[in-house]
Structures are given as C-alpha cells and as structure tokens.
A.B. asks: 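So that we are looking at the same thing, I have put the structure below in structure tokens.
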Amino acid sequence: MLYEEILDDALNELGAVAQSLRWAEMAILASSPVQKRSAQLITASSYVVIAATIEKFVRRTLNKLAVDIRTSGALRRDIKYSLHSLFGDNHLNSFRDLRDYQKSWEKRLELFELQSSANPLDESQADLPLDGKTIRPVHLEVVWSVFSLPQGPFPNSLCRAALVDIADGRNDIAHGHVAISSFAMRKGTTDTLKKITRIEEMLTHISLQAISYISVRGYLK
C-alpha cells in the first residue's frame, strides 16, 4: 500500500460524506419533517464519520512509516534518538509493573544501549504514539516529535481549528452530550463542508510530508 493510496482512500471517504451533506443541505429546505430529520441525522453523524476517517488515515500512514523505516536496512545506532521510542523491543512497556530494584535498572540500561546497537531494527510491530482516542492536534504534534517529521502537521491554522471542531463535535454526538437537532442547526451543512475541505488539506499535507520524509531518509541522524 502506497502513501498515495492511503490518502486516496481517505479523500474518497470524505468525498462521500460531502456528497451526503449536499443532499442534506437541500433536504433542510424541504417541507417534509422526515426529510428534515434525515438531514439533521446526516449532518450530525458526518462528524463521527469524518473523525473515524482521520483516525484510520493517521494510523495507516504511521504504520506505513514504521514499516518503511524498519525495512530500510537502517541500524539502530543510525536512526534518530526519538525513534527508539517506537522500536524499543517493548522495553518501555516492561517498566510498567516492574518493581524489582535490580531488574528495573537493568531494563533501563538495556533500553539506552539499544541506541548504540549495530543490529537492524527487529520485526516486531512498532508502538505507535496513538492512544485510541479521537485524533486531536496534540496527537499529531506528538507524532511529529517522535518521528522528527519536517515542518508541522498543519498547513495552516484553519486546518488545526477544523480538527479541533471535528473532534469536539464527534465526542458531543457519540457521547450524547448534545441533541442531534440542535447540533445540526448549530453546525449547519455549509460549515461542515468547509471543515471537510480543511481536513482534506491537512491529510494531503501529512501524506506529502511522509513521502518526503522516507524519500530523503529523514529518520536517520
């Protein structure tokens, strides 16, 4: 799977949401209560779908980055220090419940010795810097720090604001904090379509940076 294919899948999903919202925009003007209610449901549920699309895109892109780094032939001692948090042989997880004084310090030493190892990266799955929660700016900012990616995750402040709005809206709907009718009236289809455009810009920006990062071997010291 190429980065471009991962991006295309996400853009296609967002395009389908946008198409449904355009129908909803027309249905809201109709006199039929059923159509209006359907339009409200589409507007509200679109935030859940958009957030899920973002999460899937980010996870797939990071998995692809991790695989490309691991299969690049790079030695442990050659990759950037921050990347050892991804390829730590589960050493970080082993600290969680380790109370034995000697073993805890032995594990710490083993972890830092990995940074000078002449061995290649192992075949175990990378520990991605995601927590399973709705993607917010802080998630992408942590990703950028861990991978040492160029530039930043947002092409502009409007894209960052759109991500915050989508995350907040998704949680409001998913957890029942706001009634669907009031949520749909507050957000509106036109505003949501603008948010989708911003998210598309952000995902394209992220994909292009990932491609450049691998191309120039930005994971090396």
Side-chain angles (χ1 to χ4, degrees), residues 1-25 41-72 83 86 125-171 173-174 187 189-219:
M1 178 70 72
L2 301 174
Y3 293 99
E4 293 89 345
E5 293 173 338
I6 296 172
L7 175 62
D8 285 344
D9 286 347
L11 295 182
N12 287 336
E13 290 178 12
L14 293 175
V17 174
Q19 187 174 3
S20 296
L21 283 168
R22 293 187 188 97
W23 176 89
E25 197 168 30
L41 286 169
I42 288 172
T43 302
S45 63
S46 68
Y47 277 72
V48 178
V49 177
I50 295 167
T53 299
I54 294 169
E55 181 179 354
K56 182 167 71 171
F57 166 84
V58 170
R59 188 172 297 279
R60 292 177 74 190
T61 299
L62 295 189
N63 272 320
K64 172 69 173 164
L65 280 172
V67 169
D68 285 350
I69 294 170
R70 192 176 63 235
T71 59
S72 68
L83 288 170
L86 293 178
Q125 187 173 5
D127 186 17
L128 300 180
L130 298 174
D131 57 6
K133 296 182 180 180
T134 305
I135 299 293
R136 290 183 174 276
V138 65
H139 292 99
L140 297 183
E141 287 158 2
V142 168
V143 165
W144 253 245
S145 296
V146 170
F147 280 90
S148 295
L149 286 158
Q151 301 178 38
F154 307 104
N156 53 62
S157 59
L158 293 176
C159 291
R160 190 183 195 281
L163 179 59
V164 172
D165 188 73
I166 292 297
D168 288 343
R170 181 267 175 205
N171 288 344
I173 290 298
K187 295 299 182 182
T189 55
T190 301
D191 182 64
T192 305
L193 284 167
K194 290 179 180 177
K195 294 293 190 306
I196 289 176
T197 298
R198 298 302 181 190
I199 296 301
E200 289 172 338
E201 290 177 19
M202 182 188 76
L203 300 191
T204 301
H205 173 77
I206 291 172
S207 186
L208 289 174
Q209 287 204 59
I211 293 169
S212 174
Y213 176 81
I214 292 299
S215 176
V216 302
R217 306 190 79 187
Y219 46 85

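Please read all numbers here as calculations on a predicted model, not as lab measurements.
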A.B. asks: Which residue pairs pass the salt bridge (charged side-chain N to carboxylate O under 4.0 Å, His left out) test when at least one of the two sits in residues 138-152, sequence neighbours left out?
C.D. replies: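 For residues 138-152, and leaving out neighbouring residues, the salt bridge (charged side-chain N to carboxylate O under 4.0 Å, His left out) pairs sorted by first residue read Glu141-Arg160.
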
A.B. asks: What pair of heavy atoms forms the shortest contact from Lys187 to Asp191, and how long is it?
C.D. replies: O-CB, 3.0 Å

A.B. asks: Side chain to side chain contact (heavy atoms under 4.5 Å, CB included) for Glu201 and Thr197? Distances and angles first, verdict last.
C.D. replies: CA-CA 6 Å; Glu201 290 177 19; Thr197 298; 3.9 Å; yes

A.B. asks: Quick one: pull up CZ in Arg170 and CD1 in Ile54 and give me the separation to the nearest 0.5 Å.
C.D. replies: 11.5 Å

A.B. asks: Where do Asp9 and Lys56 land on the salt bridge (Lys or Arg N to Asp or Glu O under 4.0 Å) test, with the steps shown first?
C.D. replies: CA-CA 10 Å; Asp9 286 347; Lys56 182 167 71 171; over 6 Å; no

A.B. asks: Verify, without hydrogens or angle tests, whether Tyr213 (side chain) and Leu65 (backbone) share a donor-acceptor contact under 3.5 angstrom.
C.D. replies: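 Absent.
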
A.B. asks: Can you confirm whether Val49 sits close enough to Glu13 that some side-chain heavy atom of one is under 4.5 Å from a side-chain heavy atom of the other?
C.D. replies: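 A side-chain contact is absent here, since even the closest heavy-atom pair is not under 4.5 Å.
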
A.B. asks: How long is the span from the CG atom in Leu208 to the OG atom in Ser215, to the nearest 0.5 Å?
C.D. replies: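 Result: 12.0 Å between the selected atoms.
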
A.B. asks: What are the two closest non-hydrogen atoms of Tyr3 and Asp68, and how far apart are they?
C.D. replies: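 Distance-wise, the nearest heavy atoms are OH-OD2, 2.7 Å.
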
A.B. asks: Give, for atom CZ of Arg217 and atom CD1 of Ile69, the distance between the pair rounded to the nearest 0.5 Å.
C.D. replies: 11.0 Å

A.B. asks: Could you state the interatomic distance from CD1 (Ile42) to CD (Gln19), rounded to the nearest 0.5 Å?
C.D. replies: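 Between atom CD1 of Ile42 and atom CD of Gln19 there are 11.0 Å.
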
A.B. asks: What closest approach, in Å, do Val143 and Pro129 show between heavy atoms, and which atom pair accounts for it?
C.D. replies: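 That would be CG2-CG, 3.8 Å.
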
A.B. asks: Using side-chain hydrogen bond (donor to acceptor under 3.5 Å, both in side chains), reason through His205 and Gln209 one step at a time and then give a plain yes or no.
C.D. replies: CA-CA 6 Å; His205 173 77; Gln209 287 204 59; 2.5 Å; yes

A.B. asks: Taking all non-hydrogen atoms of both residues into account, name the closest pair between Leu21 and Ser46 and its distance.
C.D. replies: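 The pair with the smallest heavy-atom distance is CD2-OG, 4.0 Å.
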
A.B. asks: To the nearest 0.5 angstrom, please state how far the CH2 atom of Trp144 sits from the CD1 atom of Ile206.
C.D. replies: 4.5 Å

A.B. asks: Taking side-chain hydrogen bond (donor to acceptor under 3.5 Å, both in side chains) as the definition, give me every residue that meets it alongside Asn12, ordered by chain and number, with sequence neighbours left out.
C.D. replies: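 With sequence neighbours excluded, Asn12 shows a side-chain hydrogen bond (donor to acceptor under 3.5 Å, both in side chains) to no residue whatsoever.
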
A.B. asks: For Ala10 and Thr53, work out which heavy atoms get closest and say how close.
C.D. replies: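 What the structure gives for the nearest pair is O-CG2, 3.7 Å.
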
A.B. asks: Evaluate the criterion side chain to side chain contact (heavy atoms under 4.5 Å, CB included) for residue pair Leu140 and Phe154; output intermediate values, then yes/no.
C.D. replies: CA-CA 9 Å; Leu140 297 183; Phe154 307 104; 3.9 Å; yes

A.B. asks: Mind checking side chain to side chain contact (heavy atoms under 4.5 Å, CB included) for Arg59 and listing every partner two or more places apart, or none if nothing turns up?
C.D. replies: Glu55, Asn63, Leu128, Leu130

A.B. asks: Which atom pair, heavy atoms only, marks the closest approach of Lys195 to Tyr47?
C.D. replies: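 The pair with the smallest heavy-atom distance is CG-OH, 4.4 Å.
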
A.B. asks: Assess whether side chain to side chain contact (heavy atoms under 4.5 Å, CB included) is satisfied between Asp131 and His139, documenting all intermediate values.
C.D. replies: CA-CA 8 Å; Asp131 57 6; His139 292 99; 2.9 Å; yes

A.B. asks: Can Arg198 and Asp165 be counted as an ion pair, charged N to O under 4.0 angstrom?
C.D. replies: no

A.B. asks: How many angstroms lie between atom CG of Leu14 and atom CD1 of Ile196, to the nearest 0.5 angstrom?
C.D. replies: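 Taking CG in Leu14 and CD1 in Ile196, the distance rounds to 6.0 Å.
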
A.B. asks: A side-chain contact here means heavy atoms from C-beta on lying under 4.5 Å apart; do Val164 and Pro137 qualify?
C.D. replies: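 Answer yes - side chains close enough.
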
